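Report on the following structure.
None of these values were measured; they are calculated from a predicted model. Just so it is clear: chains get the letters A, B, ... in the order the sequence lines come, proteins before strands, and each one is counted from 1. Worth knowing before you read on, the calculation uses all heavy atoms, side chains too, and leaves out hydrogens, waters and symmetry mates.
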Amino acid sequence: VFGLVGCLCAVGAASPTEETPNKLEQQVKAAFIVKFAAFIEWPAPPAGSDTNAPFVIGVFGADPFGEEFKAAVRHERVKGRPVELRHSNKSEKLLDCQIVFVSDSEAPRLERVLANFADRPVLVVTDLPGASARGSMINFFKEDGKVRFEFNVAAAEKANLRISAKLLQVGRIAVPGRTGGRNDT
Amino acid sequence: MVICAGLLAAAGVRAAAFEPVGGPAASSPTAVMALSLEELLDVNVDKVYGASRYDAPASVSLVTRDEIQKQGYRSLADVMRSVNGVFVTDDRNYSYLGVRGFNRPGDYNSRVLLLVDGHRLNDNVYEQGLYGTEGFLDVDVIERVEVIRGPSSSIYGDNAFFGVVNVITRRGREVNGLEATGEAGDNETFKTGLTYGKQFTNGVELLLSGSFYDTGGEDRIYFREFNSPTNNNGVAQNADADRAWHLFGTARYADFTLGGGWSWREKTVPTASYGTIFNTDREHTTDERGYVDLKYDHAVTEAWRVTGRAAYDVARYDGVYPYAGTPAPVMNLDASRGEWLSTDWQVTGHVAERHVLIFGADWREQLQARQRNFDDAPRAVYLDDERDGRNFGLYAQAELSLRTNLLFNAGLRFDDYSSFGHTWNPRLALIYAPTAGTTLKLLYGEAFRAPNAYELYYSYPGQAKANPNLQPEEIRTYEFVWEQQLPADLRLRTAIYYYDVDALVSQMIDPNDNLAVFSNLDSVHAGGLEVELEKRLANGFAARLGYACQRTEDENTGNELSNSPEHMAKLNLIAPLVRERLFLGLDLQYYRHVKTVMAGESDDVFVTNLTLFSRPWRKNLELSASLYNLFDERDGFSASTEHVQETIPLPGRSFRVKLTWRF
C-alpha cells in the first residue's frame, strides 16, 4: 500500500505520495525546456537545409516526463518549426537534436554522456545537483518550492550556443563564460 | 550573483497569481506548457503534490518545510495544530489528534493513519501514531506534511478512519552538505541536531540526521484540583522534564530506497495520572520506536509501474507509576513491546492514456504484541499477555476520466485479521471541474479501525478484563468539496461533511462482575463545515485563514462528544519584512470551549505564536526566534478519565531561538 510512488499512482491513488518528482514539477520542467529554445541562438544551419525540419528535443535515459509531454508539445512551435520529441538510451540517436535532456538515471556517467555531445550545437539540460560544474549547460534545481535553473555559460559557448541575456537574468550563473558570465546587451 | 528577482517583479500580479487551478484539465501538461517563462518561474511545484489536491478524492492540506521553519514549529503536533479543522490536545505526556470534532479523551491516536514516506507508523499494540516530542521524526527532516481528510481505508486499510497524515522527508540531494542546528529556550530547553545529505556521482543518494532534545519543562505547574496543603497547594514542581533522541536516514540507489530510524523519548508526567502520587518526578513514560524499510519502485513500461516494500518495525513503551505505600512508594510498571514484519505491493497503470488503475496487496505479521503490568518491589505481576497475529489486505482502485473535466474514482479494499475476521471498505468519488478555477468533489467512503491489542487483551485483576471478541469500528462519510480560485490571488477551499460511526470501542463496567471492559458500544454521528482562504505571493507572503465548525452527537445519549470544539478558527501568516532575508510568522488558533469528561465545560482557548525567521546572508546561516503562547493562555482541553483534573492547562508562554548553519 504504502509504496505509492511517482506521479502515476499519485493521481489515481489520491493518497499521499512520496518524494519522487511530482507531476506538476515535471510538467514545469518540461515546459521550461521548450521555452528555453526561444532564448538560445544556435549556429546557422548549413545553407540549403530544410527550414521546416522539426525542432528536435531529446530525452536521454529514463524519461521523467512521460507520454503527456509528447502530447503537450504536439501543437507547440519553436522558432517557427514543429517540435519533435525523441527518447533514447543511446546518445548516438540524439546527436542531431537541438536540445537534449539528460535524465537522472545517467548521473553516474554524466561526463561520458556529455563527451558524446562535445562540440556539437546541442543544448544539454539536466536536473542533477552539481551537474553544472560537470559540464551541463542548464541545470534545474529547486528553491522555496519553485523550479530554478543554473547555467554553465562556458560549456554553452564551447558548443557555439549563445544564451540570451534575458534568460541569464532569470537563472543563476554557476560557471561563467569567457566574457565573465553576464552579457547584458 | 544573479537571482531571478527582477524579472519576477516585472512579471507582476499575473505571474504571482498562477496556480494550477481546477481539476485534471487545468493541471494538464498542455495548460502548463501555455505559461510564459515568467509564469513558470513562479509556479510553486510543492503546492500541489503528486496526489494533487485538485484531483485527489479527498480534501487535502499541505504544510511545507518552508512554513515549518518560518512558523517555528517544534514537532509534528505543532504542524498539525496549524491545519484547518484539526486540534491537538496534550496531557503533558502525549499529544492527541482531533479531526472533525472527534478526539475522545482516553482514546489513542488510532483513527488517523500516520505515514513516513509511505511507511506506516501506527504501532501494533495501541495502533497509534505519535505526534509530539514522542514522535518518530525530528521536525527538521520533514520536507512536507500532507493531511488527507476523510476515510481512506479503501487504499490503506486500518486507521485511515478520519484521515491520513503523510510525512515526506527531505532528500539528500536537496540538503547537499552538512547542516548543524542548535536551539535554546526557557525552561532549560536545548536541542542540537546534525543533518547530512548528498547525491554522489555514482548515483547513490544519502540522508542522515540525528538530534537530541532536552528540557526541564515548566518548573511549577498549578493544578487547582490538587490545591491542598498536603499536595504542595496544587503545584507540581520540576515534574515536566522531557528528553528525546531522534535518528533517521535514507539511502537511495536506482529503484531501491533503504530507510529507517530510531526514536527515544522520556517524559516526566506532572499530572499524577492514574491515581499516582502528586508532585513527584517519579511518574514517567518512555517510548521507543524504530524501523528498517526497503522500498522498490520500478517503471515496468511507460504506462505501468510497480512498487513494493518490506519492513521490520519495533515499538516499546514503559510507564512508571508511583503509588503511595508504606514504608516507601510502590512503583507500578506498565509496559508494552511490539515487533512486526510487513510487506506491501502495488501496481499502477495508465490505460488508454486517460484512466488509472491501481492494484495492491499488503500483509503484516506480528511477531510480538506484549503487554505487561507489574509492581517493582514488592514484585507482583498483574498482567503478562503476549500475542501474535497477522492481517492482510487486497485492494483495487480505478480512476476513470469520463470527460476531460470529469473524473470518477472508485476503490474497494478487503482486509482479513486473525483477531476479528474480515471487512470490506469502498470509496467513491466524482470530481468535476466545470470551469478553470473551480473544482467540485462529491465523495463517499467507508473505513474501519481494527480493535487494538490493548482493547482486546489488557486486563488487571479486580479492575479490568479482556474482550477478545471486539469487532472493528466502522465509519461512513459523505462529503462535498468545493475549491475555487478567486480574484486577488485568493483561493477558497470548502468541505461539508457528514459521518456516521458505528461499533465504537468504549470502556464500560460489566454489571456481572464490576470489571471494566472494552465493548463495541457507541455510535456517533457528526456534521461539519471547513472553510479555508489562502493567498500566496511570489515574494514569500503566505496567509491561510481557516474556519471549521462541527457538531458531534453520541447516538445513545444525544449529547455532544467531549473534547469536540464546535468552532475553530486559525490564521497562519508569513510576511516578508525584508525581501528574502527576514520573515514574520504569525500563528493564531482559536478553539471554542469543549465538554469535559466530567460533563463540565472548559473555557475557550486562544493561542498566539510569533516567529521571526532570517537568512541574513541568504545562504549558510538561518536564524529564528519564536515566542509561543504569547498571551500565556492557560486554559486547555478536557483531561481523560485517568486524571483528577478536569482540564489540562496549556504550557505557558515560552521562547526559543534557533540557529542553523550549512557547511
Side-chain angles (χ1 to χ4, degrees), chain A residues 1-20 22-25 27-28 30-32 34-35 38-39 62-63 65-69 71-73 75-76 104-105 107-108 110 128-130 134 142 144-148 166-173 181-182, chain B residues 2-4 6-7 20 27 29-30 32-33 35 37 40-46 48-51 55-58 64 66 115 117-120 143 146 148 152 155-156 164 166 168 171 173 176 199 201-203 295 297 302 305 307-309 344 346 348 350 353 356 358 360 362 397 399 409:
Chain A
V1 188
F2 319 113
L4 299 176
V5 186
C7 37
L8 291 179
C9 348
V11 178
S15 24
T17 40
E18 300 202 2
E19 64 311 300
T20 31
N22 78 52
K23 190 165 120 184
L24 180 63
E25 186 176 335
Q27 288 172 356
V28 168
F32 267 129
V34 176
K35 302 285 166 209
F39 301 94
D63 182 3
F65 304 116
E67 281 298 296
E68 286 186 330
F69 187 26
V73 299
H75 304 295
E76 289 288 316
D104 283 20
S105 64
L110 182 62
L128 275 174
R134 295 166 68 189
K142 252 169 71 181
D144 290 333
K146 292 166 186 170
V147 177
R148 296 284 177 259
K166 190 183 173 197
L167 189 62
L168 289 176
Q169 250 172 26
V170 295
R172 181 170 83 184
I173 292 173
R182 288 290 297 274
Chain B
V2 186
I3 311 291
C4 34
L7 227 141
S27 67
T30 318
V32 174
M33 197 61 74
L35 298 173
L37 188 70
L40 285 170
L41 283 166
D42 208 45
V43 175
N44 193 328
V45 292
D46 280 341
V48 182
Y49 225 78
D55 48 18
T64 61
D66 194 52
L115 304 170
D117 296 332
H119 180 93
R120 178 181 278 263
E143 179 60 38
E146 302 174 344
I148 296 126
S152 294
I155 288 273
Y156 291 107
V164 179
N166 188 31
I168 288 97
R171 292 287 301 244
R173 65 182 187 196
N176 200 21
Q199 181 164 42
T201 47
N202 61 9
K295 193 181 79 190
D297 172 16
E302 279 191 357
R305 188 175 200 97
T307 64
R309 81 166 67 223
D344 54 77
Q346 190 178 63
T348 309
H350 275 216
E353 288 195 15
V356 185
I358 297 175
D362 51 64
Q397 180 175 282
E399 184 193 79
N409 189 311

Checking heavy atoms, do the side chain of [X], its backbone, both or neither come under 4.5 Å from chain B?
X	answer
A:L110	neither
A:V147	both
A:F39	side chain

Can you name the closest pair of heavy atoms from A:R148 and B:L41 and give their distance? NH1-O, 2.7 Å

Looking only at heavy atoms, which two atoms of A:P108 and B:N202 are closest? And how far apart? CG-O, 3.5 Å

With B:T201 via side chain to side chain donor-acceptor pair (under 3.5 Å) - residues at least two apart: none

